[in-house]
2 protein chains.
Amino acid sequence: MAKSKLSARQENMLDFITNFISQHSYPPTIREIGKACQITSTSVVNYNLNKLENEGYINRMMRVSRGIQLDKNKASRLVQIPLVGRIFASEPVHFPEAAVSYAPDETINLTQDLVGDEKEIFALEVRGDSMIDAMINDGDYVIMKQQVQVNNGDLAAIWLINSEETTLKYFYLENDMVRLQPANPTMDAIYLDPSTIRIQGKVILVFRQISSQKTTPIKSN
Amino acid sequence: MAKSKLSARQENMLDFITNFISQHSYPPTIREIGKACQITSTSVVNYNLNKLENEGYINRMMRVSRGIQLDKNKASRLVQIPLVGRIFASEPVHFPEAAVSYAPDETINLTQDLVGDEKEIFALEVRGDSMIDAMINDGDYVIMKQQVQVNNGDLAAIWLINSEETTLKYFYLENDMVRLQPANPTMDAIYLDPSTIRIQGKVILVFRQISSQKTTPIKSN
DNA sequence: ATAATATCAGAACAAGTGTTCCGTGTCAAT
DNA sequence: ATTGACACGGAACACTTGTTCTGATATTAT
């Protein structure tokens with residue numbers, strides 16, 4: 001019932017089923033799933049389909065050919081995002097070393113429809129009020145993808161070399177100058193030479209937990 | 001390939017298939033179709049499925065269970081709407097007598113997704129500029145359903161008893177008074193006592209043929 | 001190490017399912 | 001009346017497909 005991490009095989013199967021339905025508009029058979037996922041035995045496919053059903057990803061109709069329904073509410077898979085640290089204005093974003101397996105103390109669980117198919121995404125907790133011009137408050141969580149290049153219009157994490165601070169702003173490259181546009185429309189953009197910044201990543205999602213326990217503090221400015 | 005009128009049985013089947021897919025998200029089997037449509041023989045279902053495929057309403061995958069695809073471009077059926085006359089501002093809408101079979105000289109062919117599932121709908125050609133406040137011009141076609149009652153917000157054909165004219169306006173019943181709102185937002189609504197009007201029908205669709213042969217005339221007012 | 005559990009493969013079975021063949025009845029045209 | 005096209009029903013066939021059984025292998029906990 002509860003969502004848990006799927007095995008690689010189950011993930012593979014769910015991928016295939018989703019694609020198959022969107023291509024054919026009817027679900028695949030057990031044997032079609034097996035063939036696509038390199039599973040020689042129908043019983044193994046059946047076994048993992050039951051797992052997927054117990055986890056709530058699909059519904060199965062007993063004794064009905066192609067009797068698989070994608071549970072639309074749950075079909076978007078759980079994505080476990082490692083919470084790798086905190087983001088301060090006063091220092092560059094610290095991503096963990098790539099290709100190094102590590103055990104994150106904490107993970108943020110979101111659904112795939114929210115964060116998309118991006119791989120290697122990280123969650124960071126925002127510390128301080130310095131991101132206020134990105135409409136991001138102290139305590140917010142930022143889901144980012146580490147990359148040294150972003151597209152125009154992306155909300156990017158940028159290390160300002162001269163002032164030695166990290167900022168989150170919308171990135172636009174215009175005539176060899178970089179325009180950094182705050183998310184807050186009342187604030188002005190800043191223009192910088194590309195050599196004075198270092199792109200650290202792209203923001204995929206920002207969320208804020210409004211807990212009922214603590215009243216939301218009123219910012220003094 | 002070309003669209004033609006479906007038999008009652010084929011229409012019934014196509015209805016069932018459409019509903020079945022939307023309910024189950026996988027297509028029905030031949031026998032499920034037969035049972036739902038009171039067809040005892042699978043061969044007859046197969047026979048009519050091939051007809052539906054030849055007419056372009058569905059695609060079939062040979063030897064595939066539940067291998068039916070609704071051709072989304074063609075699945076919306078052709079609806080033949082009898083053109084029963086013209087609509088003048090100076091006289092009530094003249095619908096043909098109900099329960100009397102008649103042979104319309106002309107029919108308007110539209111697809112079901114445009115006009116919905118309503119039965120007993122008629123096409124009327126608009127004559128004169130008097131419907132201009134409903135954004136309907138001379139020569140436009142109006143698809144209507146005859147009914148003596150409409151819901152608030154419906155675009156209704158209304159016979160004004162006192163002034164002896166037909167008008168097309170959005171209908172709102174407010175505090176025992178009827179507000180007739182022109183489609184043209186620059187024009188004011190009129191308020192009438194319900195006893196002074198007679199609802200004749202609900203407008204389902206309005207369309208205008210812009211033929212390349214004649215240039216669209218510029219209205220003088 | 002040992003047991004318990006999870007995952008897997010192969011095979012066989014029973015039910016589901018599309019296909020095909022044959023015959024009947026209807027209807028319009030000749 | 002005869003023909004032909006069309007629609008239909010019944011039945012049988014062959015293939016598809018979900019299910020189940022047995023046993024092997026891998027993983028984890030004690």
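To find a chain, count down the sequence lines: A is the first, B the second, and so on, and within it residues start at 1. The structure presented is a predicted model; accordingly, all values stated were derived computationally and were not measured.
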Please report the distance, rounded to the nearest Å, between [atom1] in [X] and [atom2] in [N].
{"X": "A/Met62", "N": "C/dA14", "atom1": "CE", "atom2": "C1'", "result": "14 Å"}
{"X": "A/Asn50", "N": "C/dT5", "atom1": "CG", "atom2": "P", "result": "19 Å"}
{"X": "A/Tyr47", "N": "C/dT5", "atom1": "OH", "atom2": "P", "result": "13 Å"}
{"X": "A/Ile30", "N": "C/dA9", "atom1": "CD1", "atom2": "P", "result": "14 Å"}
{"X": "A/Arg31", "N": "C/dT17", "atom1": "CZ", "atom2": "C1'", "result": "13 Å"}
{"X": "B/Met61", "N": "C/dG18", "atom1": "CE", "atom2": "P", "result": "13 Å"}
{"X": "A/Tyr26", "N": "C/dT17", "atom1": "OH", "atom2": "P", "result": "14 Å"}

A/Phe20 and A/His24 aromatic ring geometry - parallel, tilted or perpendicular at 30°/60° bounds: parallel
Residue closer to the 5' end of DNA chain D, B/Ile39 versus B/Ser65 (nearest nucleotide):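 Closest to the 5' end, via its nearest nucleotide, is B/Ile39.
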B/Asn152 side chain to B/Leu173 backbone, donor-acceptor under 3.5 Å: yes
Under 3.5 Å: donor-acceptor pair, side chain of B/Asn12, backbone of B/Ala8: no
Working for side chain to side chain contact (heavy atoms under 4.5 Å, CB included), residues B/Met61 and A/Tyr26: CA-CA 11 Å; B/Met61 313 297 285; A/Tyr26 50 80; 3.0 Å; yes
Distance test, side-chain N/O of B/Arg60 to OP1/OP2 of C/dG18, below 4.0 Å: no
Outermost DNA chain D nucleotides near chain B [under 4.0 Å, heavy atoms]: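 Listed 5' to 3', the contact boundaries are D/dC6 to D/dT17.
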Contact state string [nucleotides 20-25 of chain C, B base, S sugar-phosphate only, - no protein heavy atom under 4.0 Å]: BB----
